[in-house]
Every structure is written in structure tokens, then in C-alpha cells.
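Just below is one structure, and these are the notes that go with it.
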Amino acid sequence: MTEKTLLKAIVGIIILFAVGLVFYFIFSAPYGDGLEKTMENAGVEEGEPVYHAPFDYGEDYVTAFFAGLLGFALVFGVSYAYFKIAGKKKESKETK
């Protein structure tokens with residue numbers, strides 16, 4: 001397996017995972033997460049947040065979808081830039 005094929009497989013797996021995670025989140029959001037359920041069962045009220053994120057991903061499906069899509073695009077872009085720079089450094093070392 002060549003390095004390029006391996007990189008394509010990794011990118012494909014990351015994309016499938018990201019898309020699956022977005023759909024999982026969309027369908028699981030109304031039920032709350034484990035921490036919320038535990039707090040409800042213990043009778044603990046949620047406190048005021050320390051930080052307000054620019055996107056609130058829990059209000060409806062559309063904002064949740066776009067927040068997930070934006071997060072995926074940012075992570076993918078940063079990862080792509082990192083591997084592109086790392087590839088150029090490796091290439092320049094091989095030519096010396």
C-alpha cells in the first residue's frame with residue numbers, strides 16, 4: 001500500500017465518521033447526553049455557562065447541522081494544511 005493510498009483511506013474514514021457523527025447528533029440531540037441525564041436523575045440544576053459559543057448547537061436541527069458542518073470543515077482544513085506542509089518538508093528533505 002502506497003503512502004498516497006493510505007492517506008486517501010484515512011481521509012475517507014474521517015469523512016465517513018464526520019458525516020455519521022453529524023447524523024447521530026441530529027437524531028440523538030433531543031434525548032440529551034449522559035451528563036444531562038445523570039444531573040436530572042440526581043436532581044442537580046444546570047448552572048450558568050462560563051462561556052457562550054457563537055453557535056448554539058442544541059436549539060434545532062438546522063443550527064446543529066451547520067455547527068457540525070462548520071466544525072468538520074475547520075478540522076478538515078487544518079488537518080489538510082498540516083499534512084500538506086508536512087509532505088512538502090518531507091519532499092524537500094528527500095531532494096537534498
Check: With sequence neighbours excluded, what pairs up with V19 under the side-chain contact (heavy atoms from CB on, under 4.5 Å) test?
Finding: I15, F23
Notebook entry, point to check: Looking only at heavy atoms, which two atoms of M39 and E46 are closest? And how far apart?
Noted result: CE-CA, 3.8 Å
Checklist line | Pairs flagged by ring-ring contact (aromatic ring centres under 6.0 Å, His included) wherever residues 73-95 is involved - sequence neighbours left out | finding: F72-F76
Checklist line | Between CD on residue E40 and CD on residue E45, distance to nearest 0.5 Å | finding: 9.5 Å
Next item on the list: Going by the side chain to side chain contact (heavy atoms under 4.5 Å, CB included) test, name the single residue among I10, V11, L16 that passes it with I14.
Entry: I10
